[in-house]
Amino acid sequence: MRMSKLLMPTLREVPAEAEIASHRLMLRAAMMRKVAAGIYSYLPLGYRVLQKIMQIVREEMDAAGGQEVLLPIVQPAELWHETGRWDDYGEEMFKLIDRHERQFCLGPTHEEITTALVRNEVRSYRQLPLMVYQIQNKYRDEIRPRFGVMRGREFIMKDLYSFDRDEEGLDNSYWTMFHAYERIFARCGLNTRPVEADSGAIGGDQTHEFMAIADAGEAEIVYCSSCDYAANVEKAECLTPPAESTGREEPLVEVATPDVRTIEDLEKFFSRPASEMMKTLIYRGGDQVVAAVLRGDHEVNEIKLARAIGCLEVELADDRTIEEVTGAPRGFAGPIGLKNCKIIADPAVMSIESGIAGGNAVDVHLRGVKPGRDFTPDEIIDIRKAQPGDPCPCGQGVLQGARGIEVGQVFKLGTKYSEPLGATFTDEDGVERPLIMGCYGIGVSRTMAAIIEQCHDDDGICWPITVAPYHVDIVPVSYRDEQQRAAAERIYDELNKAGVEAVIDDRDERPGVKFKDADLIGFPIRITIGPRGLADGQVEVRWRATGEEYLISLNEVVSHVQDRITRAIAQSKCVCTG
Ligand code: ATP
Ligand code: MG
């Protein structure tokens, strides 16, 4: 490709709306342009990267036994009514109405469509297991589209659905996909970690999220320093180490605490650590009101709380409910003397011997609070978020914290969709049984952004060779110079013939501009043709990611870079196949 013809409007300025590196760089390096909130056009360079990622995904899905299909984006409401998700999916679903007043949605995911397809076409155990997948646009009217394509409203996803005859088959499909995901992300040059994740408030099915470790990630994860355990903090189990009793027992005392509101205020006022505070939060879940009691230094995990009371979701109660339950306005709740509400205490609270809690009255706190003596929780259940420093559930290590970008998820669905949609098969004995399903998604466009988060520096993107838009950027210092032009054109021609993806910077620009663009866009290799080297028949090879730089003869450069590229790509495949 000739840069003079390439649609690559790079930007020197940092776009104001972009908060994270990948978003800034995708705009600056001319990978994409915004059309509306969370909706983007990909320019030629960006689309090439996407296609490379899709190709890696496709190769691994095919190798794992997947069959590629293409399902419709526009989906009739009737199918979604059959599973109850037309109403349950919520505001994220883009809905539309056709000229005959029929309702449709733009597919946010394809469980309904796929299951309905399979229920009509698969009858017998002989056709199982079956895995079908597609790579296609998905639509979700996200409440907060942000970070460019990281959280878009239109985005590209690979979604695969597995159909098995029994749990054993599902297990097999699940782990086949799990390992395929490990290979895909490794081949894309991404450092990911599979973490145990929550499968939704109700249900206990197995699921892992693949997290690309990056500070810009929206997810918090914890992992063990001495075993393989890694989990999303929403899911991570919290071990409470047995507390040693000091036998300290203090009387319950009311203390006037005007203007003492936050945990930090309390720490100062009482000169006690947050671990001796009891924070009480009033929640509503369905038609229940619950008080969640946790240590002052712990955070409530709303997913665990919802699960504890058997609800899909909980939300903080409104002011009126708080007044009804505590007898005081918001901000003074404590566990003693609550009315008409269930008290759920986190196990860590129970070992506080003499705590500080809200007094359920304006500007009042209680000192000397002892669980069991002064209040009795209805239930003692783990309802807190794991945090770095906690003991690992393995009992050996300590949990470390990190942030992650969810680039993929694998999920055992069981009969969640096959039952309501009536997708069954007939086994050897002629018995009709529901198909056992799994679903497996990869955010293809999000993966592109995640790669940039992990592979960039102050000058721009450093594409891993496997997903780079082009492998080589040929830069004659002056294209006008006849000798340099001839050498550059010769290299370009030979690279093309050798099947190496190359661009030639044939623009009439200053060398500084060309070098800046090369670094910003992030071609893995730059071949620079300058007057000094040429005098000796040499050109310069520079590797973007490592800064490695050397001279090589004009006659050898093509076979040299071809050889190194071929080896690097081959290596990316064998590293991950073990
Ligand atoms: P999130 O928790 O980030 O909203 P999700 O769990 O709802 O994602 P899934 O339904 O598991 O997403 O979708 C499969 C994959 O699609 C995700 O792992 C993610 O990589 C990608 N994805 C989901 N939502 C978006 C989005 N709004 N923009 C870009 N990629 C997305
Ligand atoms: Mg997910």
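Order of appearance sets the numbers: ligands from 1, and atoms from 1 within every ligand. Only a predicted model underlies this, so the values are computations on that prediction, with no experimental measurement involved.
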Compute the minimum heavy-atom distance from [X] to ligand 1 and say whether it is under 4.0 Å.
| X | answer |
| --- | --- |
| Met150 | yes |
| Thr109 | no |
| Ile156 | no |

Under 6.0 Å from the ring centre and within 45 degrees of the ring axis: does the NZ or CZ of [X] meet both conditions for the six-membered ring of [Y]?
| X | Y | answer |
| --- | --- | --- |
| Lys34 | Tyr40 | no |
| Lys95 | Trp86 | yes |
| Arg193 | Phe210 | no |

Can you tell me if Arg446 uses its side chain to pair, donor with acceptor, with the backbone of Glu406 under 3.5 Å? yes
Counting only N and O atoms by type, is there a donor-acceptor contact under 3.5 Å from the side chain of Asp519 to the main-chain atoms of Lys516? no
Is [X] touching ligand 1 with its side chain, its backbone, both, or neither, if touching means heavy atoms under 4.0 Å apart?
| X | result |
| --- | --- |
| Thr447 | neither |
| Arg140 | side chain |
| Arg446 | side chain |

Using distance alone, decide if ligand 1 has a nitrogen or oxygen within less than 3.5 Å of any nitrogen or oxygen in [X].
| X | answer |
| --- | --- |
| Gly152 | yes |
| Ile442 | no |
| Met157 | no |
| Ser445 | no |

A quick test of your reading: do over 12 heavy atoms of other residues, nucleotides or ligands sit less than 6.0 Å from CG of Asp215? no
Which is closest to atom 22 (N) of ligand 1 in terms of heavy atoms, Phe411, Phe147, Tyr440, Phe155? Phe155
As a test of reading the structure, name the N/O/S atom of Glu406 that is nearest the Mg ion (ligand 2). OE2
Give the numbers and elements of all ligand 1 atoms closer than 4.0 Å to a heavy atom of Glu142. 24 (N), 26 (C), 27 (N)
Report the nearest protein non-hydrogen atom to [atom]: residue, atom name, distance rounded to 0.1 Å.
| atom | result |
| --- | --- |
| atom 11 (O) of ligand 1 | Gln409 OE1, 3.0 Å |
| atom 17 (C) of ligand 1 | Glu406 OE2, 3.3 Å |
| atom 21 (C) of ligand 1 | Gly443 CA, 3.6 Å |
| atom 1 (P) of ligand 1 | Arg151 NH2, 3.6 Å |

Report the C-alpha separation of Glu209 and Asn232 in whole Å, then their side-chain angles, then the decisive distance to 0.1 Å, and conclude whether the side-chain hydrogen bond (donor to acceptor under 3.5 Å, both in side chains) test is met. CA-CA 8 Å; Glu209 289 164 344; Asn232 191 315; 2.8 Å; yes
Looking only at side chains, do His179 and Glu182 share a donor and an acceptor under 3.5 Å apart? yes
Rounded to the nearest 0.5 Å, what separation is found between the CG atom of Leu316 and the CZ atom of Arg284? 12.0 Å
Separation between CZ (Arg544) and CD1 (Ile465), nearest 0.5 Å, reads 13.5 Å
side-chain contact (heavy atoms from CB on, under 4.5 Å) assessment of Val118 paired with Glu121: CA-CA 5 Å; Val118 168; Glu121 312 304 335; over 6 Å; no
